[in-house]
Structure formats: C-alpha cells, structure tokens
2 protein chains.
Amino acid sequence: MTNSPQHALTLPPNARVTPQRRAVLEAIGSLRDGFTLVELYDRARVAEPALGLATVYRTIELLRRTGSIRPLENDGRPTYVRCHAGHHHHLVCTRCGAVEETELCAAPSAAELRRKHGFRAEAHQVDIFGVCGLCA
Amino acid sequence: MTNSPQHALTLPPNARVTPQRRAVLEAIGSLRDGFTLVELYDRARVAEPALGLATVYRTIELLRRTGSIRPLENDGRPTYVRCHAGHHHHLVCTRCGAVEETELCAAPSAAELRRKHGFRAEAHQVDIFGVCGLCA
DNA sequence: ATAACTGCAAACGGTTTGCAAGTCT
DNA sequence: AGACTTGCAAACCGTTTGCAGTTAT
C-alpha cells in the first residue's frame, strides 16, 4: 500500500527478545499497514503455534509504548496501524480496511487555537476515511 | 466551556418521546460537552430512577444517528460529545476531560489526497488534545 | 389497536490478570 | 540465579440482545 521505509518495530530498551515476540514482530512485518489483533494472532501462530492471545496483547502494548504502532478505531473495529517515523496521518479505506500514511498535514495551528480558544494544543490526530486507489 | 448554540438534540423522525428519553436528553443538556455513558446514566436517573442502562445505550444510538452526538475515544475512555451543526472538530482537554468545539479546520484537501495518494477522501476526523483554558 | 419502547438479566466479545511453569540474560 | 516472560483460564468490563410486560401514538 505504501513503500516508504517503515518505522523500525522496536521493543522497549529492557524488553527481552523471545521467540514469541519475534513471531509477532515478523507477523506485523508481513501484514498490511492496518490490522486487527486477531489477524495478527493468526499470522503469528504460523511460526509459533502455541502462541497465546495474551502474549500478543502484551507485545502490542510494548510496541505501542515505543510508538511503533498506534491503535485506531476503524468503523467500530479496533485496529492497529504501523507508524512510520515523523509526523503523519492515516488514510483509512472504508472498503478494504487498508491504511496508508500521508505526510500531508494541515491541522489548525497551535497559535490560532490558543488565540481563539485559549487552548494549548499538544497533540492531534487526523484520520481520513475514504476509498483507496485499489478499491476505486 | 463553550456558549455557542447547541445542535438541537433530536431523535430520529419516527422515534417516540418517552419519559426515559426525555430524561436522557435533559441529562445531556446539563452535562459538559464531553461525557461518559455512566455519567449520563447517573444524571438521567435523578429524574428517572428506574431508568435502565440498556435504554441509555439505545437512546445514545438514536442520537448518534441524527448526528446530535459523536463517540470519541479519550485516553482509552469511551466518551460521547455533543455535536453542533456544521463542520467542526474537537478540542479535548487531557486534564479535565472537557471537550470544546472549533470550526477551525485545515485538513488536507481532497484534491491533494487524490493527486498524491489516489485516495478519495469522504470524511475526516480531527481531534486535538491539549490543555484547556481553565486548566492552564 | 398496535407498533414502539422499557427494564431485566443473561449473553457476548474483547481485553486484562493471577499464577505456576518455563526461559532469556 | 533471578528477573522476565509465557500460556492458560478465569475474571472483568462495557455493550448488546431476547423477552415479557408496558406505553405512546
């Protein structure tokens, strides 16, 4: 869906590298940018059949902490998205569920929000829904 | 938190007006812009003590259909937000949970997304997190 | 009159947790 | 050795659903 370089899938500094975690990381590498937990679980079990669901949840949480992935709500289905380095937003296809990243960003400026609303913006999240090139 | 006029809390055309639904609508009117389902439930039960949780869920769903409210994920806590008419986005205070609306919007243009990504944008959602005027 | 609505309680689905056994460093 | 990790199963939590009784129109 995109071929810009991936943000490395990194575990936190002191996390151990186990076969199970390796299987999860490799499974993420082989999935499209947006995936559900069950998709991930099924794929990782190809390499690691005894893998437990709880382990996938625990690994996902580690990856979320390092910023490697981000949870996203796509039409009520909890979904995870690989995050490239740097500021970006997501283009979510409402037909096939594919997620693409875009560096285009034009969120309201912090200064303007401060002036008009007295609001100190710290982060924003822009998710754009529509139909991707392949589905159109 | 904001004093621009509220989008009327309207039920769908053929929905009946019952004491329970009236209690829920009034409770929403008395809550801040962003509220959790339990907050709403507790408030509505002041007027309607026998109110069931399921009824609140069902009423919320009706309001969501008319665009009167919108679900929002604030820090893992499922939250609902009153929606004014017209295009707007939400300023979510990460300290007190208050939600304010802003008409400021500068999401990437559909044309640009089409050109650069072959993506046909249909909708977008911009949520801005930070600290509101009162908390700052 | 009748279709819509309600409360209840059970069912549900996704996520988290406690624990004993096993493993990475 | 010792802290970390795992799989399992149970617990948990928010949400949905089936149903029999009630109510708005």
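Naming: A, B, ... by sequence-line order, numbering from 1 per chain. Just so it is clear, the values below take in all heavy atoms, side chains as well, and ignore hydrogens, waters and symmetry mates.
One finds the CG atom of B:Leu9 at 10.5 Å from the CD atom of B:Glu26 (value rounded to the nearest 0.5 Å).
In this structure, CD of A:Glu48 is placed 7 Å from P of D:dG7, rounded to the nearest angstrom. In this structure, CZ of B:Arg45 is placed 15 Å from C1' of C:dT6, rounded to the nearest angstrom. Summarising the geometry, the separation between CD on B:Glu61 and P on C:dC5 is reported as 13 Å, rounded to the nearest angstrom. Taking atom CZ of residue A:Arg22 and atom C1' of nucleotide C:dC24, one finds them 10 Å apart after rounding to whole Å. Atom CG of A:Leu62 is separated from atom P of C:dT16 by 12 Å (rounded to the nearest Å). Regarding A:Leu25, its CG atom lies at a distance of 13 Å from the P atom of D:dT5, rounded to whole Å. In this entry the distance linking OH of B:Tyr41 with C1' of D:dC13 reads 15 Å, nearest Å. Here C:dC8 presents its P atom at 16 Å from OH of B:Tyr57, a figure rounded to the nearest Å.
Under a cutoff of 6.0 Å and an axis angle of 45°, A:Arg32 and A:Phe35 do not form a cation-pi pair.
Here the side chain of B:Ala54 is nearest to one of D:dT17, D:dT5, D:dT23, namely D:dT17. If you check D:dT6, C:dC5, C:dG14 against the side chain of A:Thr55, the one that comes closest is D:dT6.
Sequence order on DNA chain D of the closest nucleotides to B:Leu53 and A:Gln20 puts A:Gln20 first from the 5' end. Where A:Arg58 and A:Leu37 each meet DNA chain C at their nearest nucleotide, the meeting point lying more 5' is that of A:Leu37.
Not a single donor-acceptor pair, N or O on each side, falls under 3.5 Å between the base of C:dC5 and the side chain of B:Arg16.
Within the structure, a side-chain polar atom (N or O) of B:Thr18 is placed less than 4.0 Å from OP1 or OP2 of C:dT6.
Using a 4.0 Å heavy-atom distance criterion, B:Val38 is classed as making no nucleic acid contact. Using a 4.0 Å heavy-atom criterion, one finds that B:Pro71 contacts no nucleic acid atom at all.
Electrostatic pairing of A:Lys116 and B:Glu100 does not count as a salt bridge here, judged by no charged N lying under 4.0 Å from a carboxylate O.
Clustering ILVMFWY residues whenever any of their side-chain heavy atoms sit less than 4.5 angstrom apart, transitively, puts A:Leu53 in the very cluster that holds A:Leu63.
Atom CZ of B:Arg114 has 12 or fewer neighbouring heavy atoms from other residues, nucleotides or ligands inside a 6.0 Å radius.
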